[in-house]
Enquirer: 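I'd like to ask some things about the structure below.
Nothing here was measured: the structure is a model prediction, and the numbers come from that model. Keep in mind that the numbers below use all heavy atoms, side chains included, and drop hydrogens, waters and symmetry copies. Quick note on labels: first sequence line is chain A, next is B, and so on, each numbered from 1.
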Number of protein chains: 2
Amino acid sequence: MTRTVQYRELAHVIKQSIDDGQFRLTGKLPTEDNLMKLYGVTRYCVRNAVAVLQESGDVYPVQGSGMFVRENKREGCLSLGQTRGLSAEFPGKTVQSTVLSLELEPVGDALASRLKCKASDMAYNVQRLRLVDGLPLALERSTYLKRFIPYLSEEIAQGSIWEYLRNDLGLNTGFADKVLYADRLSSAEAEALGLNAGDPCLVVEDDVYLANGEMFDASRVVYHYERAKFFTLADLK
Amino acid sequence: MTRTVQYRELAHVIKQSIDDGQFRLTGKLPTEDNLMKLYGVTRYCVRNAVAVLQESGDVYPVQGSGMFVRENKREGCLSLGQTRGLSAEFPGKTVQSTVLSLELEPVGDALASRLKCKASDMAYNVQRLRLVDGLPLALERSTYLKRFIPYLSEEIAQGSIWEYLRNDLGLNTGFADKVLYADRLSSAEAEALGLNAGDPCLVVEDDVYLANGEMFDASRVVYHYERAKFFTLADLK
DNA sequence: TAGTGGTCTAGACCACAAA
DNA sequence: TTGTGGTCTAGACCACTAT
């Protein structure tokens, strides 16, 4: 008998079935009763597994009727709700990063309050131009507290910092606060993105936290307004 | 003994306590055990109540340590995750709407596929300028299927359509798909918002669904880029 | 080692939808 | 009326944190 978490695994299996189109005929999942029998688990596990899929927007419930399959992404749009790094957003495409600068320096007064740390705390400041299939998509400036990210190099920054943090450093990421707004491009930003100063842009500012609630990253990303659209789900309950 | 849903009520009570600052000293909720004893409910109810607060971003869990209180809104920002109408976003301020047009007409080919209905289906098309404390914040064009919204008037549209749908029509709203991007203002849009043609703007396109999964509203809102910022939470698990 | 949240079992009854 | 998801009880043991 396996003694691992059952419901996450079950959620994954069901998600696979959805992607395989196994429920396309009815548009909904098997009943909880059937899922219990199919996978030999209790109702608790089934409901937990389905709850995972609800949160990710893969299904929605209709009491008395069933769990219906739902699209949780949009063609050509970046996902806002579940950030897993830009690389994960473009499965078929080439995601590259040009590292414009990478420095280890004190956080400074301006960011210290935002990062809830001392101004003298050390941090990696990274500036990258993110390219998708060779075209500039976004200009990113990110500050990682050294306390949590002990090492960062230009070579790593050229790839996916996100995957490095999770897979190599084993960082237990938790959640992020995001602020979005439209603005005008500065001349420096415009040049990097291949646009003109004053052109529109979409700005996303992230405060990123570990699972234990400690903030480790503050970032500001300026997106090319013609190439970046975002998709997200909202609950209206 | 009340036979109503306990956990929603409990969630509400806990939320009140949070807002009252009762957990400010420790920064976290009482333990599950204590909540059980405090409110005389089982652990199931406690965990469900806390799960509600987790989803809304009011708390986050740290296994072995506690449920910590978290900010789920940002000063001067609109909430993206839980739309309850613009009026609900500005508790202290005056939210007005100038109705630019309101017509009952067939959906037409362009919107029919998006609304998953026939082109001949009737719908209310509403255009409104949303003002906060007298200043133009956004220009909204929304299409409501008559099948679900049998009546709509200019008087209603001057107030909160959202509250009308929920409180008066008793509509059981479910969820919304949102697409966000930056763009340039057309001359008509610019004039309404008090800006210049070609200026940046933030566009939000919504597909809004009932709890049973039927889509009843398609909208496009163009926001004043200097006055509208959005705040949202992301899960990184 | 004690405290705290996470997972799981095996039931029961309620609320809503569809036939 | 039957099927299906929603709420609830009363336990048990596991995993992680803090001391």
Enquirer: Salt bridge check: are R220(B) and E140(B) linked by an N-O gap of less than 4.0 Å?
Expert: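 The answer is no: the pair does not qualify as a salt bridge.
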Enquirer: Please state how far atom CG in N34(A) lies from atom C1' in dT4(D), giving the value in whole angstrom units.
Expert: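 It works out to 11 Å between those atoms.
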Enquirer: Atom CD of Q54(A) to atom C1' of dG6(D): distance rounded to whole Å?
Expert: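 Answer to the nearest Å: 11 Å.
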Enquirer: CG of D33(A) versus C1' of dG11(C): gap in Å, rounded?
Expert: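 It works out to 13 Å between those atoms.
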Enquirer: Side chain of R43(A), base of dG6(D): donor and acceptor closer than 3.5 Å?
Expert: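 Pair found.
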Enquirer: Return whichever of M67(B) or V41(A) has its heavy-atom-nearest nucleotide of DNA chain C closer to the 5' end.
Expert: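 So the residue in question is M67(B).
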Enquirer: Between dT4(C) atom P and M36(B) atom CE, what is the distance in whole Å?
Expert: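 M36(B) atom CE is separated from dT4(C) atom P by 13 Å.
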Enquirer: Would you say R8(A) places a side-chain N or O within less than 4.0 Å of OP1 or OP2 belonging to dG6(C)?
Expert: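 Checking R8(A) against dG6(C): no side-chain N or O falls below 4.0 Å of OP1 or OP2.
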Enquirer: Counting side-chain heavy atoms from CB outward, which of dC8(C), dC8(D), dG6(D) is closest to P61(A)?
Expert: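 So the nucleotide nearest the side chain must be dG6(D).
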Enquirer: Could you tell me how far apart K37(A) (NZ) and dT4(D) (P) are, to the nearest whole angstrom?
Expert: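 These atoms are roughly 9 Å apart.
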Enquirer: From OH of Y60(A) over to P of dC16(C), roughly how many Å is that when rounded to an integer?
Expert: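 Taking atom P of dC16(C) as the reference, OH of Y60(A) is at 18 Å.
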Enquirer: Would you kindly check whether a donor in the side chain of Q63(B) faces an acceptor in the base of dA15(D), or vice versa, at under 3.5 angstrom?
Expert: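 Such a pair exists between side chain and base.
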Enquirer: Starting at atom CG of L29(A), determine the distance to atom C1' of dG6(D), rounded to an integer number of angstrom.
Expert: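 Checked: the CG to C1' distance equals 16 Å.
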Enquirer: The side chain of Q6(A) lies closest to which of these nucleotides: dC8(D), dT9(C), dG6(D)?
Expert: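 Side chain of Q6(A) sits closest to dT9(C).
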Enquirer: Pick the closest DNA chain C nucleotide for G66(B) and for G64(A) by heavy atoms, then say which residue is nearer the 5' end.
Expert: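 Closest to the 5' end, via its nearest nucleotide, is G66(B).
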Enquirer: Ignoring backbone atoms, test whether Y7(B) places a side-chain nitrogen or oxygen under 4.0 Å from the OP1 or OP2 oxygen of dT7(D).
Expert: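 So the side-chain polar atoms of Y7(B) do come within 4.0 Å of the phosphate oxygens OP1 or OP2 of dT7(D), strictly under.
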Enquirer: Are the aromatic ring centres of Y60(A) and F175(B) under 6.0 angstrom apart?
Expert: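 That pair passes the under 6.0 Å test.
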Enquirer: For E103(B) and Y124(B): C-alpha separation, side-chain torsions, deciding distance, then whether side chain to side chain contact (heavy atoms under 4.5 Å, CB included) applies.
Expert: CA-CA 6 Å; E103(B) 281 166 86; Y124(B) 285 102; over 6 Å; no
Enquirer: Can E205(A) and K178(A) be counted as an ion pair, charged N to O under 4.0 angstrom?
Expert: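 No, no charged N to carboxylate O under 4.0 Å.
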Enquirer: Would one find a side-chain N or O of S65(B) under 4.0 angstrom from OP1 or OP2 of dT17(D)?
Expert: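 No, no such contact exists.
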Enquirer: How close or far is atom P of dC8(C) from atom CD of E32(B), stated in whole angstroms?
Expert: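 The answer, rounded to whole Å, is 15 Å.
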Enquirer: Do Y181(B) and Y223(A) have ring centres separated by under 6.0 Å?
Expert: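 Distance test on ring centres: not under 6.0 Å, no.
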